Engineer: 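Attaching a single structure in structure tokens format; questions to follow.
Lettering of chains follows the sequences in order, A, B, ..., and the numbering in each one begins at 1. Given the structure is predicted, the values throughout are model-derived calculations rather than measurements.
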2 protein chains.
Amino acid sequence: MWWMMIWPCASPCPSSSRQTVGTARKVTKDEEIFAEGDRAAYLYKVVSGAVRTFKLLSGGRHQIDAFHLPGDIFGIESGSEHRFNAEALGDATIIVYRRCSLEILASRDQAFANQVISSMMCSLEREQDHMLLLGRKHALEKIATFLLVLSGRLPKGGQINLPMSRIDIADHQGLAIETVSRSLTQLERKGIIEVPSYRRCIVLRDRAALQRLEA
Amino acid sequence: MWWMMIWPCASPCPSSSRQTVGTARKVTKDEEIFAEGDRAAYLYKVVSGAVRTFKLLSGGRHQIDAFHLPGDIFGIESGSEHRFNAEALGDATIIVYRRCSLEILASRDQAFANQVISSMMCSLEREQDHMLLLGRKHALEKIATFLLVLSGRLPKGGQINLPMSRIDIADHQGLAIETVSRSLTQLERKGIIEVPSYRRCIVLRDRAALQRLEA
DNA sequence: CGTGTTATTGACTTCATTCAAATTAGGTGG
DNA sequence: CCACCTAATTTGAATGAAGTCAATAACACG
């Protein structure tokens, strides 16, 4: 069955082990992990740092479909080629797994198979919510949503340490970088967030207000 | 495993049969098939007609994530609740299948299991392309893309018989209905398409020009 | 302590939306 | 078959939200 091949499998591993083994790889800021059209021979898990997957359009336009944080699996394809580009947001460590069938994967390492499917489902749901955002939300609503979603995925605490630049946020929310900046300023003026001098940190002062703005 | 339940299974079927059986259901224009928050106990296949799945936002805003045409399966969820609303675009016939595990499904009706997975993968890829469109394409590019994608999914021929209204197109492309109308007029003025007096029909006069506009 | 990159701010423009009106199509009942 | 009615679509004019261009400011880094 063709679809049996869409799932990853364990890479060759020592005799009796049922553990899935991958190879660790360190990547640096903006380093390409794979590109659109590349043969999809592997899939990837973020260990530390973060990764963006995106598509390109004429005129240098980008659309980042997702940010991948530690624990996330990315690069799963149903076809034989990657349909996105993937790059590290900053220095990052990822594990690379050889792709093969779900059957083999499931028989060798059920836990990893579950991780893969679970991760895929989460991505799918996030992407569906993201369509609503891209199609129908205003700039301020987009940024409010972005902050809330990200704060739910990152280690808890009153503040968010953005792993990505303003440009990345813009390319994810379908906005111009200036609009991202202006929206953040607007939220800060309203006392909803606070942006310390280190601009990649954002303190959530009033989560309820953000939720009201979300849409 | 929780994820085992995300897949549908055959509904109870006669003794020895390994065929998946569903119940046919006829729905009329704008009839609700399921709503956001409903328990996701079934999944659905379009036989004739077409279906929209969408999310709602404050202020009466809609985002249609997908149109489902004959052969398409929709309503698959990883959780226990539907995350979208589904309504018929016009009179339609759908088959309703009781949901259960992939294991059972695969053992009873491999062909149907493949159909389900294949359909899900297609939807996923379409949705990913759609994010690029929503986030980064201009009105005219959106409409050009829409026409090309739809013409590739509908029975071939020089013309497209739109199963949906202009409002539905607008809510799918993240545009206002007036912008949809104006973009179509613009394409017609350029001689790229032709819109007969029956406005739900669109004749593609110059597919190459559309592809150039796509982005 | 410069220096280059990243982010912010301001001024202006533009594309798409909104509001309003006109037109067309399709259905209904005489 | 026609006149009417309602809903869908198109068109026009004005507004507005976000984009672009340009300049400045603030960091982070060497």
Engineer: Looking only at side-chain N and O atoms, does A:Ser181 come under 4.0 Å of OP1 or OP2 in C:dA7?
Structural biologist: no
Engineer: In whole Å, what is the span from the CZ atom of B:Arg61 to the P atom of C:dT17?
Structural biologist: 13 Å
Engineer: Measuring only between side-chain heavy atoms, which start at C-beta, is A:Ser151 closer than 4.5 Å to A:Leu204?
Structural biologist: yes
Engineer: Between B:Ser197 and C:dA25, is there a side-chain N or O to OP1/OP2 distance below 4.0 Å?
Structural biologist: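 B:Ser197 to C:dA25 OP1/OP2: side-chain N or O found under 4.0 Å.
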Engineer: Between C:dG10, C:dT18, D:dA18, which nucleotide has the shortest distance from any of its atoms to the side chain of B:Glu178?
Structural biologist: C:dT18
Engineer: Taking donor-acceptor contacts at under 3.5 Å, does the side chain of A:Arg182 reach the base of C:dG10?
Structural biologist: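 Indeed, a donor on one side and an acceptor on the other fall under 3.5 Å apart.
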Engineer: Nearest whole Å is fine: how far is C:dT9 C1' from A:Arg166 CZ?
Structural biologist: 14 Å
Engineer: Could you state the CD-P distance from A:Gln186 to C:dT9, rounded to the nearest angstrom?
Structural biologist: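 To the nearest whole Å, that distance equals 11 Å.
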Engineer: Roughly, in whole Å, what's the span from NZ in B:Lys142 to P in C:dC15?
Structural biologist: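 Those two atoms, NZ and P, are 14 Å apart.
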Engineer: Describe the nucleic acid contact of A:Leu184 in one word from base, sugar-phosphate, nothing, applying a heavy-atom distance below 4.0 Å.
Structural biologist: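 Answer is nothing: A:Leu184 stays at 4.0 Å or more from every strand.
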Engineer: Roughly, in whole Å, what's the span from CD in B:Gln173 to P in C:dC15?
Structural biologist: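 These atoms are roughly 19 Å apart.
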Engineer: Report the distance from atom CD1 of A:Ile177 to atom P of C:dG10, rounded to the nearest whole Å.
Structural biologist: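 After rounding, the gap between these two atoms is 16 Å.
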Engineer: Is there a ring pair (Phe, Tyr, Trp, His ring centres under 6.0 Å) between B:Phe84 and B:Phe74? Walk through the geometry before answering.
Structural biologist: CA-CA 10 Å; B:Phe84 291 98; B:Phe74 65 97; over 10 Å; no
Engineer: Between A:Leu175 (CG) and D:dT20 (P), how many Å, whole number?
Structural biologist: 11 Å
Engineer: For A:Thr53 and A:Asp65, test the side chains for any donor-to-acceptor distance below 3.5 angstrom and give the result as yes or no.
Structural biologist: yes
Engineer: Roughly, in whole Å, what's the span from CZ in B:Arg200 to P in D:dT10?
Structural biologist: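 So the CZ-P distance, B:Arg200 to D:dT10, works out to 11 Å.
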Engineer: For A:Pro196 and A:Thr179, take the nucleotide of DNA chain D holding the closest heavy atom to each; which residue's nucleotide lies nearer the 5' end?
Structural biologist: A:Thr179
Engineer: Does C:dA25 have its OP1 or OP2 closer than 4.0 Å to a side-chain nitrogen or oxygen of B:Arg199?
Structural biologist: no
Engineer: Tell me whether the side-chain N/O atoms of B:Thr185 come closer than 4.0 Å to OP1 or OP2 in D:dT11.
Structural biologist: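 Indeed, a polar side-chain atom of B:Thr185 lies that close.
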Engineer: Around A:Arg39, counting heavy atoms of other residues, nucleotides and ligands shown, do more than 12 lie under 6.0 Å from its CZ?
Structural biologist: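 No, the 6.0 Å shell around CZ holds no more than 12 heavy atoms from other groups.
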Engineer: More than 12 non-hydrogen atoms from neighbouring residues, nucleotides or ligands closer than 6.0 Å to OH on A:Tyr42, yes or no?
Structural biologist: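 Atom OH in A:Tyr42 is not crowded, with 12 or fewer foreign heavy atoms closer than 6.0 Å.
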Engineer: For DNA chain D, whose closest nucleotide is more 5', that of B:Arg189 or that of A:Leu140?
Structural biologist: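 It is B:Arg189, whose closest nucleotide lies nearer the 5' terminus.
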